[in-house]
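Only one structure is covered here, and it is reproduced in the block below.
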Amino acid sequence: MKRGSILLLLAPVCYLAVSVFVVLWVCGNGTYPSGSDTMYHVYRGSFVYRSVLEGCWWPSYDPMWYNGVELLRYWAPLPAYFMALCQALAGGEALNGYLIFVGMVCFLGALPWLYIGFQTGRPWLGAAVGVLWFFMPNNLCALFLEGNLARSLSMVFLPLFFYFCGSYLERPRRTHLLGTALSFALITLCHLGYGGMVALGALLYFLLHRIIVRRRGVVLPLIGAMGAGFLLLGVWVCPSLVGGMTSMENSEVMEGFFQSLWISLNPLERYASDNGNFYFGLAAFLLAALGVLLSRREDMPAFWTALLICLATSSSMYPVLKILPGSRYLWMLRFISIALCLILYGFLRWNTLRRPLAFLLLLLLCLDVVPSLGLVRGVQSGELVEERLNKAQEETLIAAAQEITEQRMALMDLSRLSATGAWLVSAWNNPVPATFGAGWEASATASNIVQLNRALENGQYYYLFDRCKELGNDTVLVRLSSMWQEEDGEAWLDRAAAAVGYRLADFNGGYRLYHLDVSGNWGTVTDYRYLGIGAGAAATALGFPAMEEAESANLNDYTFEELSRYSMILLSSFTYDDRQTAEDLVLRLSKSGVRVVIAADGIPEDRKTHNQSFLGVVCNPISFSNGYPELDTVDGLLNTDLFPPGHTDWDCV
C-alpha cells in the first residue's frame, strides 16, 4: 500500500483520537462550559432541538429572553442547528452536546488541511497542520475564552475557502469557483459578521496577488463567486439586515479590537494575562516573514496579507482605520484567525521549502501553542458541571428568584455572569422568562436593556425599578458590585424599590432580591406626563422617570394631537426634515399650554445657513479651558475658581 493511502486511512483515526482526548480533557477541567458567550449558543441549540422534536424546523420566536426574541433572525442559523445535532447525539443533554460540539470542531477542522496537503503535494505536512489548527492560540481563545462557538464552527470551512481561492488564482477552474461560493456561503451561515471580515481579508489577498503575481482576469470571477455565495443566502440575509444589531451604533466597540503588537507577538505574555488577550503568534509571524523573503512569487501574497493584517491589529492603526468608510466593523483582532489560515495555507503551498526547515518551523508552531493549552486543561478539579451550576444558582440567589417569579425576572448584573447567567435563569432547573438574555442586539427591547444597565451603573434606582415594572418583571435581582458605588447604596436601592411597589424578598453579601406581589400574569398601562424627544432624552429620563423616551428623534414624525396630551416636552439633540413645520408645531404646542424645553446644545444645523438655529435663536459653540473668564453679572464682576483636575475643558453653546 502506498504511503499516501496509509496516511489517508491513518490521519482521520488520529484526528478522532485527538478529538476524544480533547473532550475528555475538557470534561474534567473544572471550568467548562467556559467562555462568555458559550451558553448563548448552547441555549440556541437547545431551543432548536426542542422545536424540531415538536415538529417545527424553523422556530421564529422564543418568549424566554428579552420579552421575546427572534433567535434565528439576527444570528446565523448553522451553529444553532449544528449544536442541536450535537445535543441529539448526546441524547438530549445540552451540556454533553457542548462537549460533542468541541470534539466535532476539532475533528472536522482537521480534515480540510489533510485534503489541502494532498492537493499541494505535502500530505504529511497537511496532516500535521490539521491537528495543529484546532490548537492555534487564537482559535482556542475564540472557543474557550470568548465562547464564540459560531466563529469556531466557521474555522472548519475557512481553510477550504482560501484553498479554492488560491487554486483558482493559480489555475482557474469552474470547480474552484463553485468551491469558493459554497465555502463562503457556509462561513456566512456560521456568522454573518465574520463572513464580511473574511470577504475583506480575501479582497486584500486578491489585491496583493494582482500586484505581486501580475496575473489578470482571475480576481473578478472570484469576487463574483463570493457574491454568488452571499446571494444564495438572500432569503435569510435580507431580513437579518433590517433592524436588530444593524440599527445599533457600535463604532465605540471597534476600539476594543486593537492591541499592542508586543501583546500579540509575545508568547510569555499569555502567562501574565492568563490567556486573556488575543495572540497572533511569534512562530506564525516568523513563518510569514520568511515566506515573504524566501518563497516563490506565487506564494508570497498569502504571507504578505497575513503580515499586513497583523500590523493592522496594532493600537497605533486604530486612528487611521477609524476614518475609513464602514470602519465601525473593522474589529481587527477578529481577523487574526484569517491571517493564520493564510499563513498555514502558504506554508503548504511553499514547495521550495526544504524539509529540515519545514520541520523546524512546524516544531516552533507547536511550541507556540503550549502556553495556550491552559484554556483546554482548566484547573482539572474534576468537579461535576451540574454541581458547579447548582452552586452558582444558590450563591447568586437565582434559584430563590426562580421560586418566587410568576411572570418575568430581571437579572441586573451588567452581564458580569455573561451568557451563563441568562442560561441559569431561563434554562436550568426551574427556568423562568427573563427581561435580559444574551445577544441583546437581536432583541426588539435593546434600547430598554441599555437604559436599565445605565440606570444601575449611574445609581438611578427609581428609573430602574419603574422600567422593570413597565417591562413586566415581578422579580428583580440586583448584583451589588454592579451598582453605582456610594454610601448607603443598598438603602437607596431599597427605598427606590419600595416607592415602585417592590419588597425585599432575600439578600446576601453579593445580591439583593426584590419581588412585586402580583398574582398570575399581568400587563402594564403607562401614562407619562412628560416626553423627551431626541438622542439626549434618554440620559435625562434616567434622572426623571416620569419622562417617556420617544422612539423617533425626528420632530416631523409627530402630530399636534400626539404631543398635546403631554404637559411638558423636552427637545434634546432632536432632528427635523422641515424646520418651518417643526417650528410651527412647537409654537402651536406652546400656545396650547404645553411647556416645551429645548436643549441648545442639540439643535440641528440648518441646511441652508449651516447655523444651529431654531425659532430665531442662533447657537454658537463655546469652549472654556481651565476656568471661566471674568464674568460681568448684574452683581458686578466675578472671578470664579479654576475647574477641578480632570475637568479642565468645558464645552457649551
Just do the side chain to side chain contact (heavy atoms under 4.5 Å, CB included) check on R216 and R210 with the steps written out, would you? CA-CA 7 Å; R216 299 181 178 180; R210 178 67 181 85; 3.1 Å; yes
Donor-acceptor check, side chain of Q259 to backbone of F278, threshold 3.5 angstrom: yes or no? yes
Does V198 reach the side chain of F161, with side-chain heavy atoms less than 4.5 Å apart? yes
Does the gap between the ring centers of W650 and Y628 come in under 6.0 Å? yes
E457 versus S482, side-chain donor and acceptor atoms under 3.5 Å: no
Which heavy atom in P371 sits nearest to a heavy atom in N275, and how many Å separate them? O-ND2, 3.2 Å
Here the pair of heavy atoms bringing I533 nearest to S552 is CG2-O, 3.6 Å
In short, S295 meets W350 closest at the heavy-atom pair CA-NE1, 3.4 Å
Checking W262 against S264: is there a side-chain donor and acceptor pair closer than 3.5 Å? no
Give a yes or no on whether the backbone of P644 and the side-chain of T648 come within a donor-acceptor separation of less than 3.5 Å. no
Taking the side chain from N148 and the backbone from D37, do they hold a donor-acceptor pair closer than 3.5 Å? no
Under the criterion side chain to side chain contact (heavy atoms under 4.5 Å, CB included), I'd like the reasoning laid out for V370 against F135: C-alpha separation, chi angles, the key distance, then a yes or no. CA-CA 9 Å; V370 174; F135 295 99; over 6 Å; no
Aromatic ring proximity, centroids under 6.0 angstrom, F258 and Y318: yes
Side chain to side chain contact (heavy atoms under 4.5 Å, CB included), that's the test. Do E298 and R349 meet it? Break it down for me. CA-CA 9 Å; E298 290 78 5; R349 283 177 51 97; 4.0 Å; yes
Do the side-chain N and O atoms of Y40 and W75 include a donor-acceptor pair separated by under 3.5 angstrom? yes
Determine yes or no for a side-chain-to-main-chain donor-acceptor pair under 3.5 angstrom, with W236 supplying the side chain and R73 the backbone. yes
Is there a donor-acceptor contact under 3.5 Å linking the side chains of Y279 and D368? yes
For G276, does its backbone N or O pair with a side-chain atom of D274 as donor and acceptor, under 3.5 Å? no
All heavy atoms of L158 vs all of I338, minimum pair found to be CD2-CA, 4.1 Å
With no hydrogens and no angle check, is any side-chain donor or acceptor of Q612 less than 3.5 Å from a backbone partner on I603? yes
Please check: side-chain N/O of N458 versus main-chain N/O of R454, any donor-acceptor pairing under 3.5 Å? yes
Check this for me: does any side-chain nitrogen of one of R215 and E170 sit under 4.0 Å from a carboxylate oxygen of the other? no
Is the ring centre of F230 less than 6.0 Å from the ring centre of F184? no
For the pair N556 (side chain) and Y576 (backbone), establish whether a donor and an acceptor sit closer than 3.5 Å, ignoring hydrogens and angles. no
With a 4.0 Å cut-off, would you call D413 and R416 a salt bridge? no
Which heavy atom of C190 sits nearest a heavy atom of L78, and at what distance? SG-CD2, 3.7 Å
Can a donor-acceptor pair be found between the side chains of S372 and R270 at a distance below 3.5 Å? yes
Determine whether a donor-acceptor pair (N or O, by modelled atom type, separation under 3.5 Å) exists between the side chain of T313 and the backbone of C310. yes
Could you go step by step and tell me if S613 and R579 meet the side chain to side chain contact (heavy atoms under 4.5 Å, CB included) rule? CA-CA 10 Å; S613 61; R579 190 180 73 172; 2.8 Å; yes
Taking the six-membered ring where the residue is Trp, are the ring centres of Y345 and W113 under 6.0 Å apart? no
Any S337 side-chain heavy atom under 4.5 Å of Y194 side chain: yes
For the side chain of W133 and the backbone of M155, is there at least one donor-acceptor N/O pair under 3.5 Å apart? yes
Partner of F303 under side-chain contact (heavy atoms from CB on, under 4.5 Å), chosen from L293, V292, L342: V292
In short, L362 meets L132 closest at the heavy-atom pair CD1-CD2, 4.3 Å
Quick one, L200 and L330 - any side-chain contact, counting heavy atoms below 4.5 Å? yes
Sorted by chain and residue number, the salt bridge (Lys or Arg N to Asp or Glu O under 4.0 Å) partners of R151 (sequence neighbours excluded) come out as E146
Would F614 and F574 count as a ring-ring contact (aromatic ring centres under 6.0 Å, His included) if you check the C-alpha gap in whole Å, the side-chain angles of each, and the deciding distance to 0.1 Å? CA-CA 11 Å; F614 196 72; F574 67 100; 5.3 Å; yes
Ring centres under 6.0 Å, that's the criterion: do Y115 and Y163 meet it? yes
